[in-house]
4 protein chains.
Amino acid sequence: MTRLSREKAREATRGKLIAAARTCFAQHGFAGASVDVIAETAGYTKGAFYSNFDSKEAVFFLLLEDHLAQEIARGRSATAGSSFNEALNRMIRVYDLEGESQDWCLLAVEFALHAARSESFAARYTELCGNNHVQLGRNLTRLADLAGRPMNKPAYKASKFLAFRTGLALDRTAPAPSLTPGDVRGALGGFLRKVLLRI
Amino acid sequence: MTRLSREKAREATRGKLIAAARTCFAQHGFAGASVDVIAETAGYTKGAFYSNFDSKEAVFFLLLEDHLAQEIARGRSATAGSSFNEALNRMIRVYDLEGESQDWCLLAVEFALHAARSESFAARYTELCGNNHVQLGRNLTRLADLAGRPMNKPAYKASKFLAFRTGLALDRTAPAPSLTPGDVRGALGGFLRKVLLRI
Amino acid sequence: MTRLSREKAREATRGKLIAAARTCFAQHGFAGASVDVIAETAGYTKGAFYSNFDSKEAVFFLLLEDHLAQEIARGRSATAGSSFNEALNRMIRVYDLEGESQDWCLLAVEFALHAARSESFAARYTELCGNNHVQLGRNLTRLADLAGRPMNKPAYKASKFLAFRTGLALDRTAPAPSLTPGDVRGALGGFLRKVLLRI
Amino acid sequence: MTRLSREKAREATRGKLIAAARTCFAQHGFAGASVDVIAETAGYTKGAFYSNFDSKEAVFFLLLEDHLAQEIARGRSATAGSSFNEALNRMIRVYDLEGESQDWCLLAVEFALHAARSESFAARYTELCGNNHVQLGRNLTRLADLAGRPMNKPAYKASKFLAFRTGLALDRTAPAPSLTPGDVRGALGGFLRKVLLRI
DNA sequence: TATGAATGAGAGTTCATTCAT
DNA sequence: AATGAATGAACTCTCATTCAT
């Protein structure tokens, strides 16, 4: 019991720190969010951060991994039904930029830039993204199946889709976005239909 | 004459510093490029930099302005002829990601992120982008005219186009891009035809 | 019995921690050896360390005490026979820098430096060293007796001897030592004969 | 003139920082002396330190180099005359541990320990010491010449001499040294005569 | 007795910016 | 106009030590 409560407490701390990191990174970017502030936001000190994680970068990576994994899992559920239209709408919801997703897009962009400049970081990042494209490709293939359409080079299609989504995210990010949430959903849907499924 | 040659000299210094800033920002990012290195790259010292510009941010902004203005001007030329197909190809060339454009996309992305986080910066940035969308919208309208197609909400279409382009740039930026330069041109062309012109 | 086995267990833990500290201090120095690593090396955690010792410094002191006591005891045995030549060789062996002795010299040096800078530490250190000089002086006197030579100011002679020995240790410590183990034994022997015994 | 006063000012700052580093390193050791305190001692801030030197280690190295060079130069002068006795006394004065020399010995010891543990540092350190032994060897050879004695393996003899000197320095370092300054001079002289020159 | 989560002071280093020259 | 010495705040990360469990 003692053991358990210790583990629980640790897990709770970890959770708070991760949540704080999520918030801070999204608000101030990877470079702009200091470990000090992240820890403070979580109600701890720097030391707690470093006894839970190896480095600032490690936490960011963790966050990114988690997010991608969730997105893929949600996409799998979304494309599990039998109605194409419903599946399409669910996929749009998975990839639209409401809620947490917008923050994540910003972070993803920051990390893309970081990877473009830090060799040591690039390898791990490339692997992560490659895997994400493959997995998303599978989900897109299921979507195409539902539409009764063929799907060639699914990972490549996934790249294009994510590129568009990221670009939209950057627009939504602006202090005065050109696009509304509805625009984004419309754009994603149009992209999926026309560019990917050629409907 | 002394007056004139002084001004010339000053202008030359400015030019070299701006060119150096362009290179350095593209290579290392806004935060990663230090004023010291920029000045050194230009063959001067920090002091020259601060004699010519108010801050690091100011130069970056200048760079962005220049680039957007050029892109718009090139787009105007591109859509000036009478053949839609030729105009489309020229537009693709203006916005593809070869040559300097790729660097610029990275910088644009960095600035978008910066704007999302610095209020003081956001206002000027918003204005710049809004204007860019309007101008690009005009060029897209001319393209639509050549295609004999209607163009609604041109600035909004411009937003979508730039979003996609930026997303593609981010992909090309990766250590192992999913997309080839040909893919990019194909994607841009397809986007212009299908999404914007509905051909 | 429970009491006894508990004490035994505690003693075992202490022993392992002390051995680990010995190894770590010698390898990385006093400052460079973290309590964390020492405890881990012993197969425990920080907590065990602090349950058994007051501080990092305290353990180091303990180590030094033990070592000096052993050196003196070995010196007493070495000078216990009746043949001067054999006794001299044994003494050289006690103070040469092979085996554990070299590590000890490094640690001794580190502590000397520490004592020069920490007042609180200095008092205990001084006492320890003074005692060591006196004891070694006695052993040197016995050596002199065997040689049939007088011995004046034995503690002072001991100081000089140890100074030389420590200096040699520092040389041996270098990545590319100037002196071989044989050189060291020769130098110690020569020093004992010429400087201390004036033979 | 402007240029000159700038250079002068810089040189003055450098000088003050070096002097402060000397003091602080000697007082608190390499690790114990923080850049912050060194800069403050010199009347500047950390920033000034880093615009004058690459790193803390670099300054220490500089200090060590300077000191060794001076010691060698003084040794050359000391052995330049024609009277052996006078030369010997001068050499003793060069290597006795009064004045700044004692501090230097401590620092030298600290760096020896550092070199024993940091590979990256070891190379430069080894070179420095090797050179020092050779140069001191030359001075000792000149001393031997004056005494009309042969000198074999001068660099090796130099190693032994410096080892002894360092050991003595460590003793003098103690809060309650066993040896007086006079003892040190006596010991150095004896060592030079007996061990090195076999007089 | 031993654990290990958390502290918190402090480390070395970087860099945009200022200002006397 | 250009220099570059100096600032000073901010950064990531380390570690001896404490204490509730």
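A note on names: the letters A, B, ... follow the listed sequences, proteins ahead of strands, and every chain is numbered from 1.
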inquiry  = Whether Asn52(A) contacts dG4(E) is assessed here as follows: a side-chain N or O lying under 4.0 Å from the phosphate OP1 or OP2. Is that the case?
reply    = no
Does a side-chain N or O of Thr13(B) approach OP1 or OP2 of dA1(F) to a distance below 4.0 Å, or not? no
What's the closest nucleotide to the [X] side chain, out of [options]?
X: Val35(C); options: dT12(F), dT13(E), dA16(F); answer: dA16(F)
X: Arg10(D); options: dG4(F), dA9(E), dG8(F); answer: dG4(F)
X: Thr45(A); options: dT7(E), dG4(E), dA9(F); answer: dT7(E)
X: Ser55(B); options: dT13(E), dG4(F), dT17(E); answer: dT17(E)
X: Lys56(A); options: dA1(F), dT17(E), dC13(F); answer: dC13(F)

By the 4.0 Å heavy-atom rule, please label [X] as base, sugar-phosphate, or nothing.
X: Ala33(D); value: sugar-phosphate
X: Phe49(B); value: nothing
X: Ser34(C); value: sugar-phosphate

Sorted by chain and residue number, the ring-ring contact (aromatic ring centres under 6.0 Å, His included) partners of Phe49(D) (sequence neighbours excluded) come out as Phe53(D)
Scanning all shown strands, the Watson-Crick or wobble mate of dG10(E) with both distances under 3.5 Å is dC13(F)
The Watson-Crick or G-U wobble partner of dT21(F), with both key distances under 3.5 Å, is dA2(E)
When Asp36(D) and Ser51(C) are each assigned the nearest nucleotide of DNA chain E, the 5'-most assignment goes to Ser51(C)
Comparing nearest nucleotides in DNA chain E, the 5'-proximal residue of the pair Ala31(B), Ala48(C) is Ala48(C)
On DNA chain F, more 5' by nearest nucleotide between Phe30(A) and Leu17(D) is Leu17(D)
5'-most contact on DNA chain F (nearest-nucleotide basis), Val37(A) vs Tyr50(C), goes to Val37(A)
- For the residue pair His67(A) and Trp104(A), categorise the inter-ring angle as parallel (less than 30°), tilted (30 to 60°) or perpendicular (more than 60°). parallel
- Arg22(D) side chain vs Leu63(D) backbone, donor-acceptor pair below 3.5 Å: no
Here the pair of heavy atoms bringing Tyr125(A) nearest to Ala115(A) is CD2-CB, 3.3 Å
Tightest non-hydrogen contact, residues Val37(B) and Cys24(B), listed as CG1-SG, 4.1 Å
